[in-house]
Engineer: 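Sharing a structure, written as structure tokens. Questions coming.
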Amino acid sequence: MRTIIITGANSGLGFETAKKIAKDKNYKVILACRNLEKANIAKEEIIKVSGNENIEVLELDTSSLESVRNFISEFKKLDTKVYGLINNAGISPMGHDGLSVDGVEIVMATNYLGHFLLTNLLLPYMEDDGKILNVTSDMHNPPRGIEWKDPNELFHPKENDRRKYSYSKLCNIYFTYELDEILRNNNSHILVNAFNPGMMNTNFSGGHNSKARTRMVKLTMPERLGDLDKSSSALTELTINDTYKDTGKYYDRSTNYINSSELSYNVENRKDLWNKSLSITGLEKG
């Protein structure tokens with residue numbers, strides 16, 4: 001039996017993907033969630049619809065580096081390897097200002113930095129042919145564009161930047177491409193890709209404002225809309241279907257990959273981000 005970890009799996013894309021994966025009883029699914037009450041409700045629903053009782057819940061708040069390390073400690077007790085890691089947990093910029101418990105800008109901490117640490121700590125426990133999928137967004141390339149900043153400014157901003165969500169999702173793509181290069185240089189067979197589900201009407205999109213935001217996107221940027229069922233189906237296929245062997249790609253709301261933004265291919269930027277991330281998470285010390 002193969003194990004899949006999905007962060008933020010109690011609602012939205014993570015929940016729908018967990019349900020679809022669980023229908024294949026060859027897989028055990030670990031719901032890595034901040035809210036254990038909601039996660040356990042999701043667990044029961046997944047068991048009910050899939051008939052797969054191999055569903056685990058482990059606490060994980062990706063905005064907290066300590067929580068990530070605690071998750072690893074609990075995961076190790078399960079004495080299992082990881083076949084698939086879906087880094088899905090995230091928050092929107094709406095209503096999320098300020099800093100994490102580690103003093104990092106909260107959107108960057110939740111959407112990117114926690115997953116950076118989680119993935120690096122899980123690598124020794126991954127199967128040789130494992131898969132890592134980092135959920136990003138086409139908003140890594142917003143309509144008006146963005147310019148790269150020093151990562152220190154992204155992690156510790158002097159003022160609130162309304163583009164922080166776009167930066168966090170660009171960082172997920174930089175992370176994907178750099179990790180892929182490192183894995184290839186070490187002769188690893190682990191696949192690592194980025195996945196854009198598109199803008200969808202889920203809790204992530206802003207709670208009671210989500211329908212209004214979806215209508216706005218439909219009017220102004222219809223090409224950026226996504227469909228929850230289609231995107232979760234594509235994410236499921238990319239995770240458990242052995243047909244998909246590509247790595248270091250950006251998948252767009254489907255099992256087809258496209259080019260990400262021109263900025264996302266800047267090698268100097270991604271290497272600088274990687275090194276700063278190693279430093280702030282303490283990984284550079286080994």
Side-chain angles (χ1 to χ4, degrees), residues 5-10 14 30-39 57-76 82 85-125 132 134-137 139-140 146 148-176 178-179 182 192 194 204 269-286:
I5 297 173
I6 307 176
T7 70
N10 62 273
I30 297 177
L31 314 180
C33 303
R34 178 177 56 184
N35 187 313
L36 290 182
E37 181 179 357
K38 291 181 179 179
V57 168
L58 290 181
E59 185 173 9
L60 174 65
D61 180 353
T62 56
S63 74
S64 164
L65 300 180
E66 181 181 13
S67 178
V68 172
R69 290 190 165 89
N70 289 340
F71 172 88
I72 296 296
S73 295
E74 292 303 310
F75 168 77
K76 287 163 67 174
V82 182
L85 171 61
I86 301 177
N87 288 320
N88 163 74
I91 56 175
S92 75
M94 296 183 64
H96 293 105
D97 297 319
L99 304 178
S100 71
V101 293
D102 302 294
V104 176
E105 194 283 311
I106 190 66
V107 175
M108 279 289 294
T110 305
N111 295 0
Y112 163 68
L113 193 63
H115 287 120
F116 173 87
L117 177 60
L118 175 69
T119 303
N120 276 283
L121 294 179
L122 280 175
L123 282 176
Y125 305 99
I132 299 168
N134 296 318
V135 176
T136 181
S137 167
M139 285 303 290
H140 79 276
I146 53 175
W148 184 239
K149 292 183 177 183
D150 184 301
N152 285 324
E153 189 175 346
L154 295 178
F155 293 140
H156 309 291
K158 295 178 182 178
E159 58 186 21
N160 186 34
D161 189 336
R162 60 184 176 82
R163 300 166 299 176
K164 57 193 176 185
Y165 178 78
S166 290
Y167 280 115
S168 74
K169 292 303 184 178
L170 175 60
C171 286
N172 281 345
I173 298 179
Y174 278 145
F175 172 39
T176 299
E178 183 65 14
L179 178 58
I182 291 170
V192 53
F204 171 83
N269 290 352
R270 66 174 163 88
K271 290 188 179 298
D272 187 29
L273 174 67
W274 182 276
N275 290 329
K276 295 290 175 59
S277 301
L278 288 177
S279 176
I280 200 169
T281 57
L283 288 175
E284 65 176 3
K285 299 175 183 176

Engineer: So with a 6.0 Å cut-off around CZ of R270, is the heavy-atom count from everything else above 12?
Structural biologist: yes
Engineer: Can you confirm whether R34 sits close enough to L60 that some side-chain heavy atom of one is under 4.5 Å from a side-chain heavy atom of the other?
Structural biologist: no
Engineer: Please name all residues satisfying side-chain contact (heavy atoms from CB on, under 4.5 Å) with E153, sequence neighbours left out, ordered by chain then number.
Structural biologist: K149
Engineer: Please report the closest heavy-atom contact between S168 and Y112, naming both atoms and the distance.
Structural biologist: O-CB, 4.0 Å
Engineer: Between D102 and V104, is there a donor-acceptor pair closer than 3.5 Å when you use the side chain of the first and the backbone of the second?
Structural biologist: no
Engineer: Going by heavy atoms in the side chains, are D150 and K276 under 4.5 Å from each other?
Structural biologist: yes
Engineer: With rounding to the nearest 0.5 angstrom, report the CG to OG1 distance, L170 to T136.
Structural biologist: 7.5 Å
Engineer: Do I173 and K169 have side chains that approach each other closer than 4.5 Å (heavy atoms only, starting at C-beta)?
Structural biologist: no
Engineer: Any donor and acceptor pair, going by atom type alone, linking the side chain of N172 with main-chain N or O of N111 inside 3.5 Å?
Structural biologist: yes
Engineer: Among residues at least two apart in sequence or on other chains, which ones pass side-chain hydrogen bond (donor to acceptor under 3.5 Å, both in side chains) with S63?
Structural biologist: D61
Engineer: Grab the two heavy atoms, one from L273 and one from P151, that are nearest each other, plus how far apart they are.
Structural biologist: CA-CG, 3.9 Å
Engineer: Looking only at heavy atoms, which two atoms of S92 and Y165 are closest? And how far apart?
Structural biologist: CA-CD1, 4.3 Å
Engineer: Hey, could you give me the OH/CD1 distance between Y167 and I146, rounded to the nearest 0.5 Å?
Structural biologist: 5.0 Å
Engineer: May I have the step-by-step check of side chain to side chain contact (heavy atoms under 4.5 Å, CB included) for K38 and C33, ending in yes or no?
Structural biologist: CA-CA 8 Å; K38 291 181 179 179; C33 303; over 6 Å; no
Engineer: In Å, rounded to the nearest 0.5 Å, how long is the span from CZ of F116 to CG of L65?
Structural biologist: 10.5 Å
Engineer: Can you find a heavy atom in the side chain of H115 that is under 4.5 Å from one in the side chain of T7?
Structural biologist: yes
Engineer: Heavy atoms, side chains only, cut-off 4.5 Å: are S100 and T110 in contact?
Structural biologist: no
Engineer: Under the side-chain contact (heavy atoms from CB on, under 4.5 Å) rule, collect the residues that match up with N275, sequence neighbours excluded.
Structural biologist: L278
Engineer: Can you name the ring-ring contact (aromatic ring centres under 6.0 Å, His included) partners of Y174, sequence neighbours left out?
Structural biologist: W148
Engineer: What are the two closest non-hydrogen atoms of P93 and V107, and how far apart are they?
Structural biologist: CA-CG2, 4.2 Å
Engineer: Taking C-beta and beyond as the side chain, do Y125 and I5 meet within less than 4.5 Å on heavy atoms?
Structural biologist: no
Engineer: Are any of the side-chain heavy atoms of E74 and I30 separated by less than 4.5 Å?
Structural biologist: no
Engineer: Could I get the full list of side-chain contact (heavy atoms from CB on, under 4.5 Å) partners for I72, not counting sequence neighbours?
Structural biologist: K76, L118, L121, L122
Engineer: To the nearest 0.5 Å, what is the distance between OG on S279 and CG on N152?
Structural biologist: 8.0 Å
Engineer: Looking only at heavy atoms, which two atoms of G103 and H156 are closest? And how far apart?
Structural biologist: O-ND1, 3.0 Å
Engineer: Return the OG to CG distance between S166 and D161, rounded to the nearest 0.5 Å.
Structural biologist: 9.0 Å
Engineer: Got a sec, which residues hit side-chain contact (heavy atoms from CB on, under 4.5 Å) with N134, two or more places apart in sequence or on another chain?
Structural biologist: N87, I132, F175, T176, V192
Engineer: In Å, rounded to the nearest 0.5 Å, how long is the span from CG of L99 to CE of M108?
Structural biologist: 12.5 Å
Engineer: What I'd like to find out is whether the side chain of L283 reaches to under 4.5 Å of the side chain of L117, using heavy atoms alone.
Structural biologist: yes
Engineer: I need the minimum non-hydrogen distance between L31 and A39, along with the two atoms involved.
Structural biologist: CD1-O, 3.8 Å
